[in-house]
Number of protein chains: 2
Amino acid sequence: MSVVRKGAPHRAPRLSDETFAADAAREEVRDRILIGDCIEQLASLPAQSVDMVFADPPYNLQLQGELRRPDDSRVDAVDDAWDQFESFAAYDAFTRGWLEGVKRVMKPNATIWVIGSYHNIFRVGALMQDLGFWILNDVVWRKANPMPNFRGRRFTNAHETMIWAARDPGVKGYQFNYEMLKGGNEDVQVRSDWLFPICTGAERLKDEDGRKLHPTQKPEALLARVMLSASKPGDVVLDPFLGSGTSAAVAKRLRRHFIGIERDEGYAAAAAARIEAVEPLPEIALQAPPSAREAPRVAFSALVDSGLVTPGVELTDAKGNVRAVVRADGTIALVNNATLSVGSIHRMGALAQGAEACNGWTFWHVEQEGRRHPIDVLRARLRAEMGVRSE
Amino acid sequence: MSVVRKGAPHRAPRLSDETFAADAAREEVRDRILIGDCIEQLASLPAQSVDMVFADPPYNLQLQGELRRPDDSRVDAVDDAWDQFESFAAYDAFTRGWLEGVKRVMKPNATIWVIGSYHNIFRVGALMQDLGFWILNDVVWRKANPMPNFRGRRFTNAHETMIWAARDPGVKGYQFNYEMLKGGNEDVQVRSDWLFPICTGAERLKDEDGRKLHPTQKPEALLARVMLSASKPGDVVLDPFLGSGTSAAVAKRLRRHFIGIERDEGYAAAAAARIEAVEPLPEIALQAPPSAREAPRVAFSALVDSGLVTPGVELTDAKGNVRAVVRADGTIALVNNATLSVGSIHRMGALAQGAEACNGWTFWHVEQEGRRHPIDVLRARLRAEMGVRSE
DNA sequence: CCAGAAGATGAATCGTTTA
DNA sequence: ATAAACGATTCATCTTCTG
């Protein structure tokens, strides 16, 4: 892992890693930390070159003084210079600048995640809409162990908000691993509120004095959920505010490429060491389960051709009330109100139900060995026989 | 309850209610629905006259077409004219207008709650900051039963966001019933993420055809938590987008005054009838919060929030000799030797027995269907209802 | 009358491929 | 480009129906 210094953003050689096969032109800006101003460094990247963006920008916290716990110990709050802005206008100008820079380097189907708190997320979200990003979800990170409100004057600030957005309105082809997420969630689709502990313990980077190295280090589990949701192995994930390098470390572990931008050389060095120590997961641990959407299309006529369905066989609905006959050309014949209709399994299914549309694969059934199966079962069998796998 | 028509915003007499003692000048604009444009009606109200604001403005949804469920039924989405705006700029102008109008009528110590989704909440929040409101928290309403994502293209949109803000930076004296909230929450301070079901069933107002009267009616439990958090009995709560009247109904039940603005006469009429039917809770259920020492130790308030126990209901011991009344904040009120005491179910149980300690869950009983059950039965039922996935 | 099945529904920015 | 065809996709809760 190489750290690239200001003024030479794409000169340093990349880490060798045989598992990352890629074309030489793009390799140059992969798996690097670029040190310098975020907006300048973004300008050095080629347009439409990244698949996903994760951004954890300064929150513009406006703390009025120091905060003490009930036991009089001092809370080590974020009071770094990089988190201070003169005004909302200054913060907006900064935000607009990096968002524009990021948008340029996103591929058309790329998506962006931005995390923030109530101090900044409303401004960020409004600017994202103004710049033409298309919000897909706002996702709430519910902290399992948030810092309490010591003064008892507000609710425990127990969550942060992530905005997930496509580069442009109308984008349909963005990566979203719906089946995989659902499979890992008791077979129920994942909601917009996620529960994770904050980053503590061994995962939290410490400096030589044992103090936390970075004030806002995010938990790896959060970043892993983000990347497993909206990217795939081999993708390039850009983080314009790399900080302690959580996103890059997770990207490497999940076999994504990363590009990190960080202006603090100390943070960048710590992140580089952290990333270097990461061992990518075995590929088998990251393969996507076959999803119906990605499976190759099989025409009903292919089932007839293959002999899995014989012309003349009767199809019924699940209850056996509606009947149709398979024809040799892969269409089916339906007698409905004494009228004979011929067409695709989908069209005839819709006709039988009086519906606009119908998935014939799940509507029609065949009787085999005394039991009724949806014809989708036969399609699955044909796919298996063909040795076809998704990807 | 009177509905005031356009052009005569403060003429109609108020509902008589001896429990609301107030000065005559302010009374004129209390407990009314003002029909007409939100910004115009706000201008008719006196400056610095309301204690809390709850606003549920149009979300500016930008739906592209109709959506159907997997069973091909049609989703009855929000497509009303009042939710349509030409552009973000038009929405921003509208938002700025009503926020300015609201700010003028807020007392210096008043706070405002605004609810929205990712479609609008970022714009609203940024404008609130621009106008000088001081955000205290963003609170996430996690929906126990959200509508699923039917296409599998995004995360289930399972929450909405509320922004809670003071009128100005530096305000210290805003109402926040910290002890009461903590006492009703296992003696742990309440977090910024709240779990409530959406509004369905008998609570949902229906039109003469049995269809939902208003597309976006909010659950009363959510409004009750808001008002119990940030107002006190006798306060004036303003809702500039009254809709079906949830905020006003809850205000009346919790013995707050309300002012509602609604431009649709049909909604206003339905809200007026709804409010008229509300019976305010016994004062004993709403009195000043108990001190920290008296705070309940368990989440009895969760039973109250869930509706399994209704404020005002009587609790007794197993034999029916000792009696106490459930309060809206999850404490109970006990009359013992002509002395009124308020506190947790455990403390009041101990007091009633003259004991050091008491398990209120087994001591106190409720009568349901002619039989007395320990409230522990209700707790078990609530736990079962919350299920395994409630995190 | 009760139990279980079946239907209804909620603030939603909710396709892809081939002709 | 536009239209047609293909075919993928839902969770919790409440109400109504059926046996």
Side-chain angles (χ1 to χ4, degrees), chain A residues 129 133-138 164-166 169-174 176 178-179 182 185-192 291-300 343-347 349-350 355-364 375-376 379, chain B residues 56-80 82-85 88 115-121 141 143-161 197-204 206 210-212 214-219 241 243 385-387 389-390:
Chain A
Q129 291 180 312
F133 290 95
W134 189 249
I135 300 178
L136 299 168
N137 278 116
D138 59 335
W164 179 41
V171 169
K172 306 290 187 189
Y174 58 85
F176 181 54
Y178 176 79
E179 291 287 351
K182 184 176 174 181
N185 189 47
E186 307 269 330
D187 269 338
V188 174
Q189 56 179 218
V190 171
R191 300 168 40 117
S192 56
S291 81
R293 191 173 275 122
E294 290 165 357
R297 290 198 168 203
V298 173
F300 183 65
S344 73
I345 52 173
H346 310 297
R347 192 112 310 279
E356 279 286 323
C358 168
N359 183 340
W361 292 109
T362 51
F363 178 78
W364 294 109
I375 57 176
D376 210 21
R379 179 171 64 159
Chain B
D56 184 9
Y59 285 12
N60 191 26
L61 300 186
Q62 293 151 59
L63 305 175
Q64 303 297 345
E66 72 171 14
L67 178 66
R68 288 177 175 274
R69 298 187 175 82
D71 67 2
D72 208 42
S73 64
R74 191 175 152 278
V75 173
D76 183 17
V78 178
D79 56 357
D80 306 70
W82 51 256
D83 199 50
Q84 310 287 322
F85 290 83
F88 284 135
I115 187 167
S117 67
Y118 65 84
H119 311 85
N120 71 322
I121 198 65
W141 167 30
K143 301 181 184 183
N145 49 347
M147 184 158 68
N149 183 292
F150 295 115
R151 294 292 193 163
R153 299 298 296 146
R154 305 178 176 195
F155 299 99
T156 309
N157 195 4
H159 74 275
E160 295 189 23
T161 299
I198 62 175
C199 181
T200 59
E203 187 183 322
R204 187 94 199 206
K206 303 283 171 34
R211 290 174 303 205
K212 60 187 176 191
H214 192 281
T216 69
Q217 184 178 341
K218 297 292 178 290
F241 306 97
E385 283 179 6
M386 291 175 74
R389 270 197 305 274
S390 63

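So you know, we letter chains A, B, ... as the sequences are listed, proteins then strands, and number each from 1.
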| said: Tell me if a side-chain donor or acceptor on B:K218 pairs with a main-chain N or O of B:T216 at a distance below 3.5 Å. | reply: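 Yes.
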| query | Looking at C:dA11, does its base get a donor-acceptor pair with the side chain of B:K212 below 3.5 Å? | reply |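 Such a pair does not exist between side chain and base.
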| For C:dA11, does OP1 or OP2 lie under 4.0 Å from any side-chain N or O of B:R204? |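 For C:dA11, OP1 or OP2 has a side-chain N or O of B:R204 closer than 4.0 Å.
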| said: For C:dT16 and A:K172 - does any side-chain N or O of the residue sit under 4.0 Å from the phosphate oxygens OP1/OP2? | reply: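 For A:K172, the contact criterion (side-chain N or O under 4.0 Å from OP1 or OP2 of C:dT16) is not met.
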| If you check every side-chain atom of B:T200, which of D:dC14, D:dA12, D:dC11 has the closest atom? |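 For B:T200, the side-chain atoms sit closest to D:dC14.
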| message | I'd like to know whether the aromatic ring centres of B:F155 and A:W164 sit less than 6.0 Å apart in this structure. | response |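 Close enough - the centres of the two rings lie under 6.0 Å apart.
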Looking at residues at least two apart in the chain, or sitting in another chain, which of them share a side-chain contact (heavy atoms from CB on, under 4.5 Å) with [X]?
X: A:C358; result: A:A350, A:Q353, A:F363
X: B:D80; result: B:V78, B:W82, B:P215, B:Y267
X: B:Q84; result: none

| request: Give the dot-bracket string for DNA chain D, reading 5' to 3', where a pair is Watson-Crick or G-U wobble with both distances under 3.5 Å, ( ) marks pairs inside the strand, [ ] marks pairs crossing earlier ones, | marks a partner on another strand, and . marks unpaired. | output: .|||||....|||||||||
| message | Can you build the contact string for nucleotides 1-9 of chain D? Use B for base contact, S for sugar-phosphate-only contact, and - for no protein heavy atom under 4.0 Å. | response | -----SBBB
| For B:S73, all residues meeting side chain to side chain donor-acceptor pair (under 3.5 Å), sequence neighbours excluded |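 For B:S73 the side chain to side chain donor-acceptor pair (under 3.5 Å) partners, ignoring immediate neighbours, are B:R69, B:D71.
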| query | Where do A:F300 and A:R379 land on the side chain to side chain contact (heavy atoms under 4.5 Å, CB included) test, with the steps shown first? | reply | CA-CA 8 Å; A:F300 183 65; A:R379 179 171 64 159; over 6 Å; no
| Between B:H119 and B:S117, is any side-chain donor less than 3.5 angstrom from a side-chain acceptor? |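 Yes, because at least one side-chain N or O of B:H119 sits under 3.5 Å from a partner of the opposite role on B:S117.
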